[in-house]
Amino acid sequence: MDFPKDLKYTEEHEWVLVEDDIVTIGVTDFAQDQLGDIVFVELPEVGDTLEEGDTFGVVESVKAVSDVYAPVSGEVVEINEALPDEPEALNNSPYDEGWMIKMKLTDSGALADLMDVAAYQAFVEKD
Amino acid sequence: MMNTESRGLVLDENLLFEQSQPGRVGYSLTGLDVPSATPDSRLVREEITDFPELSEVDVVRHYTRLSTWNYGVDSGFYPLGSCTMKYNPKINEAVARLPGFAHIHPQTPEALNQGALELMYNLQQDLGEISGFPAITLQPAAGAQGEFAGMLMIRAWHEANGQKRHKVIIPDTAHGTNPASSALCGYDVITVASDGILSKEAVAAVMDDDVAALMVTNPNTLGLFEADIREICELVHQHGGLVYSDGANLNAMMGISRPGDIGIDVMHFNLHKTFSTPHGGGGPGSGPVGVVDKLIPFLPVPYVVREDNSYKLEYNCPQTIGRLKSFYGHFGILVRAYSYILSMGGEGLKRASELAVLNANYIRARLEGEYDLPNKQRSLHEVVFSEDALQNDCHTLDVAKRLIDYGYHPPTIYFPLVVHGALMIEPTETESKQTLDEFCDALLAIAEESKNNPELLKQAPVRAKVQRLDETAAARKPKLRWERV
Amino acid sequence: MRYLPHTDVDVQQMLDRIGVSEIDTLFSGIPEECRLKRPLDLNGAKSESETLIFLQELAEKNSPASSWDTFLGGGAYNHFIPAVIDHLISRSEFYTAYTPYQPEISQGTLQAIFEFQTLICQLTGMDVANASMYDGASACAEAVLLTVRAARKRKKVLLSQALPPQYRETVATYCRYLDIELADISLQDGVTNQADLQSLLDDQVAAVVVGYPNYFGQIEDLATIAELTHAAGARLVAAVPEPLALALFKSPGEAGADIVVGEGQSFGIPLSYGGPGIGFFAVRKKDMRVLPGRLVGETTDKDGKRGFVLTLATREQHIRREKATSNICSNQGMCILMVSIYLALHGKQGLRQLAEINYAKAAYAKEKIAQLDGFSVTFSGESFNEFVVTCPEPVAALKKRLEQQGLLAGISLGRDYSELEDGLLICVTEQNSRKQIDRLVHALAGGKG
Ligand SMILES: Cc1ncc(COP(=O)(O)O)c(C=O)c1O
């Protein structure tokens with residue numbers, strides 16, 4: 001399983017790419033593997049403001065549903081428009097074509113709580 | 001002996017729309033005996049594009065052929081857990097079609113339909129006797145609507161007492177309709193882990209004055225009687241809460257234990273399970289609800305009462321939760337269930353429960369060891385195995401599909417959620433020892449195959465009309481209707 | 001007992017295998033204090049012929065539409081049912097199966113549902129229809145829940161007073177403890193009052209619900225109502241108690257409805273004292289994923305062969321539990337078959353002709369009654385099958401008088417509409433011959449026999 005080193009991770013199995021005050025969010029390889037074939041993705045609207053811990057979307061396989069939570073607080077500035085039509089991108093390319101949303105941070109403090117790759121790998125193994 | 005060698009003729013059949021021929025008709029209408037009339041042309045629609053045009057023969061062959069692709073209780077053993085797929089007696093079908101039942105209009109004056117009201121009244125009485133509740137509503141259309149009705153009554157009762165409670169406790173073994181029905185009443189669901197049987201301590205840990213009700217299924221979905229139910233009901237009552245019981249599994253208990261006697265406040269019946277009415281490829285079912293005295297004022301309207309030897313529909317209930325659907329319930333299903341009760345009698349119903357439990361325990365005895373049984377307590381009318389004893393990466397789904405090749409409808413799978421890869425078998429009382437033996441032989445043979453020839457499971461079914469279908473593709477690009485290409 | 005196959009020998013062998021000496025031991029998980037200590041106080045078992053005779057006697061105390069001149073409608077309609085339907089639904093491969101959880105051995109049910117979904121889409125003019133709800137009233141209630149869920153922040157729903165009362169009551173029950181505010185739109189000449197609608201619409205309204213035809217049989221101006229509703233950003237729900245009207249009048253989809261629900265009993269389902277019937281539920285594509293109930297979709301198997309499966313199941317209670325779009329679990333499978341067979345038999349031409357016959361018969365009755373002294377047709381617009389007449393004598397007494405002549409004349413409106421105390425809702429279908437209608441007219445006028 002693939003866990004890129006330059007990303008941060010959450011206990012909800014999301015990855016976060018931090019570039020200045022813009023963060024990109026998706027679900028990890030581990031998460032997509034657990035869910036199985038993903039058939040549907042629901043995303044928020046650009047302009048929505050999210051508090052850390054809010055659900056911002058839904059990922060569904062044939063027989064399971066997972067909410068996805070905002071790992072940080074901020075405003076949604078971009079969504080992956082292609083994803084709802086090509087949900088399989090989440091399975092095939094979770095870190096690249098399968099990205100979900102970009103947010104503009106309102107408070108960078110929450111970033112400190114995210115795991116680095118080593119911590120996440122340990123977390124997954126324990127799970 | 002297992003009859004796995006048979007081979008049938010399976011024919012294809014196009015959709016109605018694909019067979020349509022312009023100008024073909026399958027009807028004969030009586031000619032107009034009044035002057036013709038047409039509405040304002042601006043309101044009139046064009047002809048319905050692509051609506052089928054078929055002869056009567058076309059239609060008869062179409063549905064006859066479709067029927068041959070199905071598997072029903074009359075085709076063979078159908079041990080679908082939690083659904084009580086018992087035999088559907090034919091006399092029930094015959095009586096439901098009597099013109100005096102099938103063709104009565106719901107708006108006919110009550111005095112002219114006394115037989116229908118008497119039947120409903122008698123059924124209310126009989127269900128009351130079987131369950132131990134003083135009042136029954138026949139209105140709910142199915143189990144899930146019964147749950148909704150029951151939870152609404154609970155909420156209405158609390159509110160009439162000036163209480164705003166927000167939570168309902170539900171064990172993790174519960175059917176999905178339980179939390180969904182609670183949510184429809186505006187309640188938050190508190191899930192408790194039950195470890196097979198719900199303990200008083202587990203309930204006590206989450207019970208407080210904000211809990212409106214505990215919702216249990218008894219026997220639960222593992223087929224286990226909730227042994228502490230009396231104490232648990234007392235505990236909930238002490239905190240001012242009520243107890244709802246999902247009666248989907250009443251088939252284990254008729255004449256043996258009555259929910260109304262042991263502290264339950266509300267319960268629904270599934271007439272399409274316990275009382276032998278056909279499942280109909282999905283429905284219609286019927287989900288009457290029994291309640292204790294204090295909930296009677298909140299029953300849905302109307303219900304049937306007897307006054308001076310005549311029967312009437314009672315609407316005057318100021319505290320009622322209202323109505324759940326048009327008219328009075330699934331009357332056609334009520335007729336069938338009543339016919340069943342008449343045919344069985346009190347003793348027969350008890351015998352049915354005894355034999356349902358005997359059958360499930362026999363299957364358990366024959367399969368335990370080869371299949372993993374996570375809960376070892378005494379089980380009643382159904383038995384739930386896990387997939388943990390399966391070898392070579394075979395899963396419950398594979399066993400289910402392989403059973404099809406052996407000529408059986410698979411059990412319920414992956415429910416209850418607390419069992420890993422659940423295989424939930426409910427044989428019901430109408431199956432003979434010979435049928436159960438053949439079925440167990442098949443499951444044992446499949447366990448053997450999983451060790452020596454797992455591909456047989458992975459490729460199954462190979463004898464059905466179609467092979468495993470691509471459900472992922474169906475969900476990714478939903479095609480939910482036919483359209484001309 | 002003929003449904004219980006166990007011989008004494010069987011029972012003994014089974015007990016031996018289980019390792020207990022008597023059946024009672026199997027119930028040892030039930031504590032003593034939870035046991036019933038007496039036999040059930042029910043009658044003894046009846047033989048098959050006794051059961052039949054007993055139930056025949058009850059059935060004979062009723063008044064089926066076949067032995068009366070019936071002019072009752074109000075949400076349940078007396079239409080002719082071709083013999084083919086009962087013949088086909090009696091195939092026990094259909095009626096003794098359950099929900100098609102195992103698609104490989106349920107293709108019959110699944111294809112029939114897929115065809116039903118298509119037929120409902122065609123009839124209503126919509127994109128997607130589900131595999132049915134319990135009935136028209138509960139489908140209407142579920143539609144209201146859908147609109148509030150989909151609109152997120154809007155919590156108000158406007159119900160036309162001309163929506164059938166049982167639909168309005170059911171909606172109220174479903175919304176009872178949810179954060180939804182229901183308001184009535186008043187009547188004007190038997191249809192939804194557009195000025196009142198306009199004044200009630202604001203940015204809190206999630207939906208407007210209108211009957212089509214409405215409870216009085218009147219054809220609402222759906223297109224205008226849709227325009228007003230959409231201008232306020234709300235959804236229009238058209239509820240159809242008599243779907244035969246859709247073979248003649250513009251489909252709700254064409255008129256701009258966002259959701260079409262209704263009752264399918266008219267299409268081949270016996271009256272059966274009001275149930276079971278079948279609710280249909282159709283939406284636009286955008287609402288596909290918030291639909292309640294089962295859905296069947298087309299797919300292929302490993303060999304590329306077409307097949308059908310239950311799909312988009314993540315909406316449902318068995319997966320989403322308390323967050324499901326509905327608590328519904330069953331659909332009305334048998335009734336799906338009745339409706340589909342009925343529609344397949346009548347087809348494009350037959351359904352239209354039947355609707356025209358119904359329209360002409362009602363028009364004839366309407367005209368004859370309008371000519372009677374003291375009687376008038378209450379509302380002026382187009383109607384289908386049903387219409388309201390204002391009576392010169394108390395409706396209850398009038399109905400009793402006609403009853404004595406073997407006529408079930410209609411439904412009194414006073415209980416549900418205080419302003420229509422003298423209103424009688426009369427329904428005429430293809431089952432009413434001209435002779436019957438003439439008899440009704442004659443009797444209304446005070447004639448005997
Ligand atoms: C335990 C349990 N509860 C509730 C239900 C819901 O009943 P219905 O399908 O009649 O709505 C079921 C049905 O499968 C069930 O098994």
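Hydrogens, waters and symmetry mates play no part in the numbers below; they use all other heavy atoms, side chains included. Proteins come first, then strands; the chains are lettered A, B, ... in the order of their sequence lines, and each starts at number 1.
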Can you tell which part of [X] gets under 4.5 Å to a heavy atom of chain B, answering side chain, backbone, both or neither?
X        : result
C:Tyr98  : both
C:Arg176 : side chain
C:Thr311 : side chain
C:Arg352 : side chain
C:Tyr134 : both
C:Arg17  : both
C:Tyr174 : both
C:Leu119 : both
C:Ile23  : side chain
C:Asp303 : side chain
C:Asp41  : both

Hydrogens and angles aside, do [X] and [Y] bring a side-chain donor and acceptor to less than 3.5 Å of each other?
X        : Y        : result
B:His103 : C:Asn62  : no
B:Glu53  : C:Gln349 : yes
B:Lys401 : C:Gln102 : yes

Contact class of [X] relative to chain C, heavy atoms under 4.5 angstrom:
X        : answer
B:Arg364 : neither
B:Pro109 : side chain
B:Ser326 : both

- prompt: Quick check, are the ring centers of C:Tyr273 and B:Phe327 under 6.0 angstrom apart?
  reply: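 Ring centres of B:Phe327 and C:Tyr273 not closer than 6.0 Å.
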message: Please determine whether side-chain contact (heavy atoms from CB on, under 4.5 Å) holds for the pair C:Thr109 and B:Trp69, giving the CA-CA distance in whole Å, both sets of side-chain angles, and the decisive distance to 0.1 Å.
response: CA-CA 8 Å; C:Thr109 295; B:Trp69 305 339; over 6 Å; no
Carboxylate-amine/guanidinium proximity below 4.0 Å for [X] and [Y]:
X        : Y        : result
B:Arg45  : C:Glu254 : no
B:Arg468 : C:Asp301 : no
B:Glu347 : B:Lys350 : no

- prompt: Is there a salt bridge (Lys or Arg N to Asp or Glu O under 4.0 Å) between C:Lys399 and C:Glu403 once you walk through the steps?
  reply: CA-CA 6 Å; C:Lys399 279 173 57 181; C:Glu403 216 174 283; over 6 Å; no
